[in-house]
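Worksheet for the structure shown next.
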Number of protein chains: 2
Amino acid sequence: MARLAGVSRATVSYVLNNTSAVRISEPTRRRVREAAKELGYVPHAAARSLRAGHSRMVLMPAPDFPVGPLYSRFLDELQWALGRLDYTVVQYGAVGVRGDEAARAWAELRPVAVLVPGSDLGTKGVTVLKRSGARAVVTLASESVEGAHALLLDHEAVGHCAGAHLYARGRRRIGVVVPEESGLESFSAPRLAGVRRALRGTDATVVELPLAYEESAAARLAARWRELGLDAVFAYNDEYAMLLMRALQDEDIDIPGHTAVIGADDLMLGRLLRPRLSTVHVELPSGRDLAELVDRAVRNPGAATETHTVLGASMVHRESS
Amino acid sequence: MARLAGVSRATVSYVLNNTSAVRISEPTRRRVREAAKELGYVPHAAARSLRAGHSRMVLMPAPDFPVGPLYSRFLDELQWALGRLDYTVVQYGAVGVRGDEAARAWAELRPVAVLVPGSDLGTKGVTVLKRSGARAVVTLASESVEGAHALLLDHEAVGHCAGAHLYARGRRRIGVVVPEESGLESFSAPRLAGVRRALRGTDATVVELPLAYEESAAARLAARWRELGLDAVFAYNDEYAMLLMRALQDEDIDIPGHTAVIGADDLMLGRLLRPRLSTVHVELPSGRDLAELVDRAVRNPGAATETHTVLGASMVHRESS
DNA sequence: TTGAAAGCGTTACCAC
DNA sequence: GTGGTAACGCTTTCAA
């Protein structure tokens, strides 16, 4: 778009950006708008941000494993809230690119802010991003990273909640399912650690139970259940709980009589099981709050990095424990 | 980055891009590389694509409703395959922006290709994208759009498969669950239509059953089940099937004796229900094939738009039907 | 009120 | 072999 309406490029820019500093005559405005519509003109984001020296793009790495409804809703809310603040959310999809290499790839897009779920970002990566112009880097993980704002997802508290509940219900030999699927370690490890902490100094014992999300794996685990001598199991989340519970029931193991089973995430499916599944309800951070944190950080990049602990965990006791 | 290593910007460009047309002395190369590393230099994608006149960005709108494991896996595979072809996949997150307005927002990023799941793109939108430089526009929906390549997701075939199966099992009064959640119409409507087609000209009847994904809604539907007089129900997908099946069982309705229940998508949870859930297995398009389609279209934008019907549907008969 | 021109970071092209 | 220069599309400053 340029001399299409018989005016200068500057005039076009003024009209389309509603620049209030200069006054353009109504007829000219109309001519520009009509020409723009007719030509199907769309501004060039790259040129704009190149000239401006910054963009309004908030970048997140696209998750590379199936995400549940919890995260979907969180993401939706976040996108909505950031959209209201005039940011554009972009999920960068690159599989197999990790750590600092990923940070460099993100930095090429010169996002104004970067949101990183998971612990795949080091101090080095934060430096690269900041030097490339990112005014805010926020991590969502169990541990904070130097130089970045942190939303500490306290998965450890989820495990603690589960462990304390099972202990209070009189269980003493407690299994903890740890998914074998990759990409889940950063969630499962702290959940296991939380159970351990809840039971430290008591007479209860904790047994780690690696489990792949397959019927056959669950059946194998259930087959040796009696010899394991467990009276309770915290199954990482509701889906693994459903998988294991079914396998245990197929082995005629009474739930919760012989073994208590609890999950986490409070998904719909837990309410549909029989016995109804006890679960740890997890409260993800509010998308609106996170959007405001990002906006604050962008407006004031010099401020100290904030660290918030989120992910409220509360027990939902139903019938399986 | 510019005169940091005491060389010209052009030389920097040559070194970092390994341009073979010109020969740069080894010492110079080293100096440039060192300076780049020291400064944490990262190339500016916007400047690059501005200069080049095109990018390697493939844009997809981020889904604004919870997606299942099927779609997650498809997306993962697609990102991997496009990554191998040196494209960068970006999911554009904007909630509440629809149709041509969304197309214009996407066009601002000047992606080389746009992949649109769902039927939210009109001929107008395709024109805007193409005029802005997109060399390939591919839709994944039930209907094709003029000017765009189309992967026809044949949800109608899913419904047909379900209807034919239930008829063959002797069922004649067939309910079809239609989710009330928004965003799912483009999947649920063709699935319902497929059931209708399968039973057209037979003595079977089809009853549409709107259902929200909530226990209470399912309970209300189950409470009036006997008066509905249905002997089978196709529940949109496995999750709705689980919801409804549980409600029916709570009403002491025998499955499959009194009512056959089938789902779709062949999720793990169907195998864990008792009775085991019959389901329509759905084959999403191969991410690799789609990546190749995109690449072909990008290399040869003039070629006629391709239309492929994907989404193979096949019945998985278990115990609930 | 409008237009001309500079400059953002890159890279292709041409002189040196 | 190397380095200057122009141009990509846009915004902004300054001059007309």
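Residue numbers begin at 1 in each chain, while the letters A, B, ... track the order of the sequences.
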Note the angle between the end axes of the helix from dT1(C)-dA16(D) to dC16(C)-dG1(D), five pairs defining each, rounded to 10 degrees.
->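 It works out to 50° between the end axes.
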Quick one: is Thr11(A) getting a side-chain N or O under 4.0 Å of the dG3(C) phosphate, OP1 or OP2?
-> yes
Kindly say if Arg48(B) contacts the phosphate of dT11(C), meaning a side-chain N or O under 4.0 Å from OP1 or OP2.
->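 It does, given that an N or O in the side chain of Arg48(B) lies less than 4.0 Å from OP1 or OP2 of dT11(C).
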Ion pair check, [X] and [Y], cut-off under 4.0 Å:
X	Y	answer
Arg299(B)	Asp295(B)	yes
Asp100(B)	Lys37(A)	no
Arg98(A)	Asp64(A)	yes

Mind calculating the distance between CG (Leu109(A)) and P (dC8(C)) to the nearest angstrom?
-> 21 Å
What nucleotide among dT10(C), dT2(C), dC10(D) has an atom nearest to a side-chain atom of Pro43(B)?
->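 It is dT10(C).
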Nucleotide nearest Tyr41(B) (side chain, heavy atoms from C-beta), chosen from dG9(C), dT10(C), dC10(D) | dT10(C)
Any N/O donor-acceptor pair, Arg51(B) side-chain to dG9(C) base, under 3.5 Å | no
Between atom CZ of Arg110(A) and atom CG of Leu50(A), what is the distance when rounded to the nearest 0.5 Å?
-> 10.0 Å
Side-chain donor or acceptor of Asp120(A) paired with backbone N/O of Gly99(A) under 3.5 Å | yes
